[in-house]
Amino acid sequence: MDEQHFIRLGLYRLRHPLPPVKLKVIHSLAEALQSDKGELVWKEYLAHLSSLSLESEAAEALMVAFLARKSPLVSTAALRQALTAPSPISDYILMEMSGQPPLINLWSKAHSGEVPKFYAIAEEATAITHPRIVPPIVKTRLTGLEEMSGYPFVRQWEYEVERLIARFGQPATGSFEYWTEGSGSVTQVIPRPCHYARSAYLRTLSLAFDKWGMPEDEVYQEAAYVIPGSLIYTQMPPGERPSWAGRLASTQVTEETDCSTLVRALIKECADAGDTLLHLNSPLQRSEVFCADLRIAACYTEGPSANPKMAMRMHDYFLNKYITFAQEDADEMQIPSIAIQPMQFNNGARALPAIAPAPMHNIGYLTTDLIPRFPHLPVPYSEDTVINAVPAAGGLTLKMGDEAIGYLNYWNQQWKASHPRDASTPCGVSLVMKKEPLENIAPGHGYRLQHFWELTILEREESYSDWNWRILHGSIE
């Protein structure tokens, strides 16, 4: 088998249904594009791109070029010419690569025409729009657009699915159960019917622009809901676990005292490495009868010690309300200084968050393992401070100017394709900052840094039994 066939085999692996595998393949292909074999890879890549008939698959393949966008070989003009299934999301990715809007809109006619008023949609088409196949947000967005405009967005979506089936045949569904371990486990796969549903969504938006007068900027906003992966998070595949977190993979704790000892040890080992731990969300050692997920969140407190459970609820409030203080573009996140009122506790304690959720709008499926771990970023309180978070393999590098002041780490741990339904994904995230920069952005006025933790435990007697779960809380001064 020659190099050309190896490259084609790698490109074909983009059809693997597991998102973490897709992400690995995309990064490997992007690295190959920037290697000494880049010209051959580029030629085969363009040929592969032109062979893709589904808009969603074409957008997924474009993520390779996005990651390799700094290579002199990568040309957005050549990519546009190679696309046989243009769409709003493909144009969005290409605009982020070039920094320029397209001169010609290639996707405005990429639809099947309006659905006839009394047309009966085939059952096999409506089955592909089921939430088991495509995320519920897709239908939710179309329903909202339909209610606001009066146009039949949902029926048009189903009609576009039916037209795709007529053109390319009924897609093979495969078996979800192949990747799971029994009825109590869950996984996410992207089977070919999912690409049909996503492509039909994009084709519906194209029709709305062409026939119903939907503004172009609104089309791009709605198309972002089916982006294959966040342009920031796709650039940070999982890396090595931090050295101070090594014990997480070999530890099982079930009692509050033992967990406090573990958390205190993690904080100390992080400090011995010259950093302050601000956030951790990671599994402990897992087995067929034991799963535990540990969360640590730092907080600035004043007065008495805050109640651990209530302090964790404060952090959950930011998550549930999706409150983030950072902005993002394709190259970095920016975290400006803020001024907010402290939270008051019943015992007189006052608290300000030391961390807040990182932006996670339209994160896509490529980094699906990362979503439940909710990466966090520091909250700067000093005036005129801006922290930049730059993506790299294994997470984000936090910078003030040219100086690296901390890291958001992301790693796999005992990775499997599935995990217990009530447990989180088999990966971990952490946030650390160097001591002096952290002191410079702290609120002052008598506030001290305090760590709160939450341990969610799943236990069962046998590998086939139902899980029993409980939650423990604690704090470290």
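None of the values given here were measured: they were computed from a predicted structure.
- In Arg313, the CZ atom is not crowded: 12 or fewer heavy atoms of neighbouring residues, nucleotides or ligands sit closer than 6.0 Å.
- Checking Glu60 against Tyr365 by side-chain atom types alone, a donor-acceptor pair falls below 3.5 Å.
- Between Arg15 and Glu57, at least one side-chain N (NZ, or NE/NH1/NH2) sits under 4.0 Å from a carboxylate O, which counts as a salt bridge.
- Considering all non-hydrogen atoms of both residues, Ala197 and Val161 come closest at CA-CG2, 4.3 Å.
- Looking at His27, its side chain does come within 3.5 Å of a backbone N or O of Thr234 through a donor-acceptor pair.
- Heavy-atom contacts from other residues, nucleotides or ligands closer than 6.0 Å to NZ of Lys139 number 12 or fewer.
- Taken from CG in Leu277 to CH2 in Trp244, the straight-line distance is 4.5 Å, to the nearest 0.5 Å.
- Rounding to the nearest 0.5 Å gives a distance of 4.5 Å between CD1 of Ile471 and OG1 of Thr456.
- We find the CG-CD1 distance between Leu449 and Ile476 to be 12.0 Å, quoted to the nearest 0.5 Å.
- Side-chain contact between Leu54 and Phe168 is present, with heavy atoms from C-beta onward closer than 4.5 Å.
- Contact check for Trp453 versus Ser260: side-chain heavy atoms found under the 4.5 Å cut-off.
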Q: Go through the steps for Glu403 and Lys434 under the test salt bridge (Lys or Arg N to Asp or Glu O under 4.0 Å), then give the verdict.
A: CA-CA 11 Å; Glu403 179 188 2; Lys434 297 185 183 301; over 6 Å; no

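- Side chains of Asp258 and Leu262 form no contact here, defined as non-hydrogen atoms less than 4.5 Å apart.
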Q.
Please determine whether side chain to side chain donor-acceptor pair (under 3.5 Å) holds for the pair Asp369 and Trp415, giving the CA-CA distance in whole Å, both sets of side-chain angles, and the decisive distance to 0.1 Å.
A. CA-CA 10 Å; Asp369 277 359; Trp415 190 87; 2.8 Å; yes

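- Between Tyr381 and Tyr300, the ring planes are perpendicular. Angles over 60° get that label, and only those under 30° would be called parallel.
- Taking all atoms of both residues into account, the shortest heavy-atom contact from Val289 to Ser463 is CG1-N, 4.0 Å.
- Within a 6.0 Å sphere centred on CG of Asn346, heavy atoms belonging to other residues, nucleotides or ligands number 12 at most.
- For the 3.5 Å distance criterion, the side chains of Gln450 and Glu477 qualify, holding a donor opposite an acceptor.
- Trp411 is linked by a side-chain hydrogen bond (donor to acceptor under 3.5 Å, both in side chains) to Gln413, counting only residues two or more places apart in sequence or in another chain.
- Across all non-hydrogen atoms, the minimal contact from Val432 to Cys270 is CG1-SG, 3.5 Å.
- Residue Asp272 qualifies as enclosed at atom CG: its count of foreign heavy atoms under 6.0 Å is above 12.
- Minimum heavy-atom separation, Ser287 to Trp467: O-CH2, 4.2 Å.
- Listed for the Ser199 side chain is a donor-acceptor partner under 3.5 Å among the backbone atoms of Glu55.
- Sparse packing is recorded around CD of Glu288, with 12 or fewer heavy atoms of other residues, nucleotides or ligands lying under 6.0 Å away.
- Put simply, CD on Glu31 and CD1 on Ile26 are 12.5 Å apart, with the number rounded to the nearest 0.5 Å.
- Under the 4.5 Å side-chain criterion, counting only non-hydrogen atoms from C-beta, Leu398 is in contact with Leu431.
- You'll find the side chain of Tyr201 reaches within 4.5 Å of the side chain of Glu222, heavy atoms only.
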**Q.** Worked check of salt bridge (Lys or Arg N to Asp or Glu O under 4.0 Å) between Arg470 and Glu459
**A.** CA-CA 9 Å; Arg470 55 195 174 100; Glu459 298 171 296; 3.3 Å; yes

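- Between Glu332 and Lys399, none of the side-chain N atoms (NZ, or NE/NH1/NH2) sits under 4.0 Å from a carboxylate O, so this pair counts as no salt bridge.
- Contact annotation: the side chain of Leu14 approaches that of His48 to within less than 4.5 Å [non-hydrogen atoms, C-beta and beyond].
- Between the side chain of Arg8 and the main chain of His5, no donor-acceptor pair closer than 3.5 Å is present.
- Taking both residues in full, the closest heavy atoms of Leu396 and Ala389 are given as CD1-CB, 4.1 Å, listed atom of the first, atom of the second, then distance.
- In terms of the side-chain hydrogen bond (donor to acceptor under 3.5 Å, both in side chains) criterion, Arg264 has no residue partners (sequence neighbours excluded).
- Checked by atom type and distance alone, the side chain of Arg460 pairs as donor or acceptor with a backbone atom of Ser465 at under 3.5 Å.
- Distance CG/Leu231 to CG/Asn362: 10.0 Å, rounded to 0.5 Å.
- Partners of Lys309 according to the side-chain hydrogen bond (donor to acceptor under 3.5 Å, both in side chains) rule, which considers only residues two or more places apart in sequence or in another chain, do not exist here.
- The side-chain heavy atoms of Pro191 and Pro17, taken from C-beta on, include no pair separated by under 4.5 Å.
- Rounding to the nearest 0.5 Å gives a distance of 6.5 Å between CZ of Phe345 and CE of Met310.
- Between Pro283 and Gln414, the closest side-chain pair of non-hydrogen atoms is not below 4.5 Å.
- Side chain of Ser230 to main chain of Tyr233: a donor-acceptor pair is present (N/O by atom type, distance under 3.5 Å, no hydrogens or angles).
- Side-chain N or O atoms of Thr385 include none that pairs as donor or acceptor with a backbone N or O of Ser337 at under 3.5 Å.
- Arg13 CZ: 12 or fewer foreign heavy atoms inside a 6.0 Å radius.
- Heavy atoms from other residues, nucleotides or ligands lying under 6.0 Å from CD of Glu240 number 12 at most.
- Across every non-hydrogen atom of Ile457 and Val253, the tightest pair is CD1-O, 4.0 Å.
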